[in-house]
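Since the structure comes first, as structure tokens, the remarks are kept for the end.
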Amino acid sequence: PVAMVAGWTQVGQMIYSFYSPFCHQLPQRSWFLFGDKLTYSLSEIRQVVPESEWWKLSSFVGTPEMGWKVAWSDRMISWYNMIPIFGLLYALLRQLGHPPRPISFRFFLWLLMPLVLDGGTHLLSDLFSWGEGDGFRDTNTWLAFLTGNTWITFYAGDDLGTFNWWMRLVTGILGAWAVAFWLFPWVNHWMTEEIARGEAKAAGCNTLGSYPLISGK
């Protein structure tokens, strides 16, 4: 979006193309910057781009009036941004001498489960509805039934503040937490072992001896 609003169109298109293998980039599930709104519904987008095929919708990057689409979906925004933020939190705790031990692999999988479940049901919904915006995860009538239709504007669509918007945001954050506090401590463990091996080799030692799982140094 920054490149597009600055007039660097080719740079912006290159960034969109670079991230396209890693994210569907559907505009109704993305954020728009430098425009009237942060998110737009599928019907609003189709007023500008009257396309039904998802790959054609994905190529829509915005307009000067609507703003410019972030190259990630809202789930990937929370995922990609929160991993380094949680990494900085881990680094701070490590510098303070209290590095967290890795979470268990079972807990790691449990934290990833909401992301897999939410993303998987979205995929099934899109496949059965052919991306027309009337799938079971687009309308969420099942949720409206379970909650007595208490919040009328909360269930359908992908707009800011809807159920789908919140689920993609929250599951991305949970997935980022899982990666940061399972992977980063193990990377720290592996790297401290390598440092110890290098120091032992430099000192002419043949054995590493015992070494703590997580080092604060």
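A quick note: this is a predicted structure, and the numbers were derived from the prediction, not measured. Quick note: numbers below take in every heavy atom, side chains included, and nothing from hydrogens, waters or symmetry partners. Numbering of residues begins at 1 and proceeds along the displayed sequence.
The side-chain heavy atoms of M66 and V48, taken from C-beta on, include a pair separated by under 4.5 Å. Side chains of S73 and L26 form no contact here, defined as non-hydrogen atoms less than 4.5 Å apart. Put simply, the side chain of D74 does not reach to within 4.5 Å of the side chain of L169, judged on heavy atoms. Between Y90 and P185, the closest side-chain pair of non-hydrogen atoms falls below 4.5 Å. Under the 4.5 Å side-chain criterion, counting only non-hydrogen atoms from C-beta, S41 is not in contact with D158. Taking 4.5 Å as the limit, some side-chain heavy atom of F22 sits within range of a side-chain heavy atom of Y80. Side-chain contact between F60 and I45 is present, with heavy atoms from C-beta onward closer than 4.5 Å.
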Run the numbers on Q25 and S20 for side chain to side chain contact (heavy atoms under 4.5 Å, CB included), then give the verdict.
-> CA-CA 7 Å; Q25 296 184 359; S20 60; 4.2 Å; yes
For F154 and L143, what are the C-alpha separation, side-chain angles and deciding distance, and is it a side chain to side chain contact (heavy atoms under 4.5 Å, CB included)?
-> CA-CA 10 Å; F154 179 65; L143 181 62; 4.2 Å; yes
Would L112 and W177 satisfy side chain to side chain contact (heavy atoms under 4.5 Å, CB included), going step by step from the backbone distance to the final call?
-> CA-CA 9 Å; L112 286 182; W177 179 276; over 6 Å; no
Stepwise, does the side chain to side chain contact (heavy atoms under 4.5 Å, CB included) test hold for L174 with L115?
-> CA-CA 8 Å; L174 289 176; L115 187 150; over 6 Å; no
Please table the atom pairs, donor to acceptor, closer than 3.5 Å between any side-chain atom in residues 1-19 and protein atoms at least two apart or in another chain.
from : atom 1 : to  : atom 2 : distance (Å)
Y16  : OH     : K69 : O      : 2.4
S17  : OG     : Q13 : O      : 2.9

Atom pairs and distances, side-chain donor-acceptor, residues 116-124, under 3.5 Å, sequence neighbours left out:
from : atom 1 : to   : atom 2 : distance (Å)
D118 : OD1    : R137 : NH1    : 2.8
D118 : OD1    : R137 : NH2    : 2.9
D118 : OD2    : R75  : NH1    : 2.8
D118 : OD2    : R75  : NH2    : 3.1
T121 : OG1    : L117 : O      : 2.9
T121 : OG1    : D118 : O      : 2.9
T121 : OG1    : R137 : NH1    : 2.7
H122 : NE2    : R137 : NH2    : 3.4
H122 : NE2    : R168 : NH1    : 3.2

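Taking CD1 from I173 and CG from L111, the interatomic distance works out to 12.5 Å, rounded to the nearest 0.5 Å. Atom CZ of F108 is separated from atom CZ of F181 by 13.5 Å, given to the nearest 0.5 angstrom. Here F128 contributes atom CZ and D134 contributes atom CG; the two are 13.0 Å apart, rounded to the nearest 0.5 Å. Between F184 atom CZ and L88 atom CG the span is 9.0 Å, to the nearest 0.5 Å. Interatomic distance, E193 CD to W190 CH2, rounded to the nearest 0.5 Å: 10.0 Å. The CD atom of E194 lies 11.5 Å from the CD atom of E199; values are rounded to the nearest 0.5 Å.
Within a 6.0 Å sphere centred on CD1 of I152, heavy atoms belonging to other residues, nucleotides or ligands number 12 at most. The number of heavy atoms from other shown groups lying within 6.0 Å of CH2 (W166) does not exceed 12.
Here the shortest heavy-atom pairing between G172 and S78 reads CA-OG, 3.2 Å. Nearest heavy atoms, W182 versus P102: O-CB, 4.0 Å. Scanning all heavy atoms of the two residues, the minimum distance from K37 to T39 falls at CE-O, 3.3 Å. Between H189 and T192, the closest heavy-atom pair is O-OG1, 2.8 Å.
Both F145 and W151 belong to a single network of hydrophobic side chains, linked directly or stepwise wherever heavy atoms of I, L, V, M, F, W or Y lie under 4.5 Å apart. A continuous path of Ile, Leu, Val, Met, Phe, Trp and Tyr side chains, each step under 4.5 Å between heavy atoms, connects L89 with W186, placing both in one hydrophobic cluster. In the hydrophobic clustering of this structure, W54 groups with Y40; members are Ile, Leu, Val, Met, Phe, Trp, Tyr whose side-chain heavy atoms approach within less than 4.5 Å, directly or through other members. F34 and W72 end up in the same hydrophobic cluster when Ile, Leu, Val, Met, Phe, Trp and Tyr side chains are linked at under 4.5 Å. F107 and M113 are not part of a single hydrophobic cluster, where members link through side-chain heavy atoms under 4.5 Å apart.
Ring centroids of F32 and W68 are separated by 6.0 Å or more, keeping the two rings apart.
For the residue pair N140 and W142, a side-chain donor N or O sits within less than 3.5 Å of a side-chain acceptor on the partner.
In this structure, R29 does not pair ionically with D159, as no charged nitrogen and carboxylate oxygen lie closer than 4.0 Å.
A side-chain hydrogen bond (donor to acceptor under 3.5 Å, both in side chains) with Y155 is found for exactly one of T162, D138, N149, T147, namely T147.
A donor-acceptor pair under 3.5 Å links the side-chain atoms of S125 to the main chain of F136, judged by distance alone.
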